[in-house]
Protein chains: 2
Amino acid sequence: MFDQIIETLHQRGFRMTPQRLLVLQILQDAGRHLTPQEIFGQTQRILPAMTEATVYRTLSFLTEQGFILAAHIGNGQLVYEIAGHNHHHLICRACGATQQIDHQFLESLYQQFRSKTGYQIDSLHVTFFGLCPDCQKN
Amino acid sequence: MFDQIIETLHQRGFRMTPQRLLVLQILQDAGRHLTPQEIFGQTQRILPAMTEATVYRTLSFLTEQGFILAAHIGNGQLVYEIAGHNHHHLICRACGATQQIDHQFLESLYQQFRSKTGYQIDSLHVTFFGLCPDCQKN
DNA sequence: CCTGCTATTGCAAGTAGTTACAATAATGAA
DNA sequence: TTCATTATTGTAACTACTTGCAATAGCAGG
């Protein structure tokens with residue numbers, strides 16, 4: 001299932017462990033973004049000995065390696081999901097409604113950004129906050 | 001100094017306290033964004049009895065009321081600054097270099113965003129992460 | 001200038017996330 | 001398959017931030 005990831009890890013001098021595999025499987029099965037707490041909760045059914053510290057370290061590690069994506073949501077908490085979906089979120093700060101953002105559209109905006117500032121903006125997974133059309137009527 | 005803020009607070013049914021005034025003064029004097037820890041440290045010289053809990057509650061409160069702005073920076077920590085500056089940050093995730101972003105430019109981008117999705121993006125204070133020109137040469 | 005209402009504070013305990021360190025175990029080589 | 005190396009884990013203590021609650025103190029009204 002994650003043979004490609006395992007091979008990439010080894011090439012980079014890192015190891016695959018039951019804990020890392022489990023976190024990947026949980027995120028894969030969920031098919032949506034999860035909080036560290038949700039992930040920790042799920043690990044306990046399979047690997048009861050696994051600790052929260054390991055969950056956090058594993059999530060940081062897998063994010064650095066590019067296998068999963070981290071995104072800020074609402075309160076400032078981080079959520080994680082399997083990389084490769086490449087979609088973005090637009091969250092209404094009033095009602096909480098979320099909408100997916102077209103990747104192509106965002107890319108075109110960032111291209112303008114780059115030509116102006118020289119910076120290449122991270123666009124793997126971005127979350128915007130604003131007011132949705134309904135809530136603008138207040 | 002903060003007469004306008006005090007009056008607005010009273011109109012909304014809230015109170016001005018030495019603690020809130022102190023936090024406002026610290027942010028005003030600093031002229032840059034500060035972390036909750038930095039702010040707490042400064043309060044101790046003036047109001048030693050003031051607690052961290054009060055600092056955090058005060059920062060949340062003043063942000064809700066629109067008198068100060070909160071921004072995510074680097075690690076996911078929040079920093080705060082007096083509202084009204086209306087500038088934005090662009091942070092290189094590799095070397096940490098920061099650059100100010102022209103508000104007008106950002107507005108024009110968000111205008112495109114709005115016409116596409118209908119959402120009005122929050123733009124009071126935004127922080128972008130990416131790679132600066134130098135670090136792109138890796 | 002008092003007085004009462006209640007927003008706000010300090011306190012202390014709780015939650016989320018991080019980190020140093022010694023023990024463990026995944027991997028490459030013999 | 002066995003062994004040595006060292007990346008990774010669990011433990012426990014620590015930092016950042018939050019929250020319930022009783023005591024305090026702004027401030028509107030008399």
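Numbers restart at 1 for each chain; the letters A, B, ... are given by sequence-line order, proteins then strands.
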(Q) Among dT9(C), dT9(D), dC27(D), which nucleotide has an atom closest to any side-chain atom of Q19(B)? (A) dT9(C)

Q: Send over the distance from E7(B) CD to dC27(D) P, rounded to a whole Å.
A: 12 Å

(Q) Closest approach to the side chain of T58(A), judged atom by atom: which nucleotide of dA7(C), dT8(D), dT9(D) is it? (A) dT9(D)

Q.
From CG of L59(A) over to P of dA16(C), roughly how many Å is that when rounded to an integer?
A. 15 Å

Q) Could you give the CG-to-C1' distance, from L22(B) to dG10(C), as a whole number of Å? A) 16 Å

Q. Hey, does T51(A) reach any base, or is it just sugar-phosphate, or nothing, if we go heavy atoms under 4.0 Å?
A. base

Q) So what does R20(A) touch, heavy atoms closer than 4.0 Å: a base, only the sugar-phosphate, or nothing? A) sugar-phosphate

Q: Return no unless some side-chain N or O of T17(A) is found under 4.0 Å from OP1 or OP2 of dA7(D).
A: no

Q. Has T54(B) got a side-chain N or O lying under 4.0 Å from the OP1 or OP2 atom of dT9(C)?
A. no

Q: Write down the distance between CD (Q65(B)) and C1' (dA7(C)), rounded to a whole number of angstrom.
A: 12 Å

(Q) Mind checking if Y56(A) touches a base, just sugar-phosphate, or nothing, with heavy atoms under 4.0 Å? (A) base

Q | Whole-Å distance separating the CZ atom of F40(B) from the P atom of dT9(C) | A | 14 Å

Q. Which nucleotide sits closest to the side chain of F61(B): dT8(C), dT8(D), dG26(D)?
A. dT8(C)

Q) Between F14(B) and F61(B), is the ring centre distance below 6.0 Å? A) yes

Q. When you check the gap from the basic side-chain N to the acidic O, do E52(B) and R57(B) get nearer than 4.0 Å?
A. no

Q: Please report, rounded to the nearest Å, how far the C1' atom of dA26(C) is from the CZ atom of R15(A).
A: 5 Å

Q.
Tell me the interatomic distance from L62(B), atom CG, to dT9(C), atom C1', rounded to whole angstroms.
A. 14 Å

Q: Kindly compute the distance separating CZ (F67(B)) from CZ (F2(B)), expressed to the nearest 0.5 Å.
A: 11.0 Å

Q.
Tell me the interatomic distance from L78(B), atom CG, to dA16(D), atom P, rounded to whole angstroms.
A. 14 Å

(Q) Regarding E52(A), tell me which of base, sugar-phosphate or nothing describes its non-hydrogen contacts under 4.0 Å with the strands shown. (A) nothing

Q) Between I6(B) and M16(A), which has a closest nucleotide on DNA chain D that is more 5'? A) M16(A)

Q.
Which is more 5' along DNA chain D, the nucleotide nearest M50(A) or the one nearest P36(B)? Just name the residue.
A. M50(A)

Q) Can you find a donor-acceptor N/O pair under 3.5 angstrom joining the side chain of R57(B) to the base of dG10(C)? A) yes

Q. Would you call E64(B) and R12(B) a salt bridge, taking side-chain N to carboxylate O under 4.0 Å as the test?
A. no

(Q) Please pick, from dT18(D), dT6(D), dG17(C), the nucleotide with the shortest atom-to-atom distance to any side-chain atom of A53(B). (A) dT18(D)

Q. S60(A) side chain to Y56(A) main-chain N or O, any donor-acceptor pair under 3.5 Å?
A. yes

Q. Roughly how far apart are T43(B) OG1 and I39(B) CD1, rounded to 0.5 Å?
A. 9.0 Å

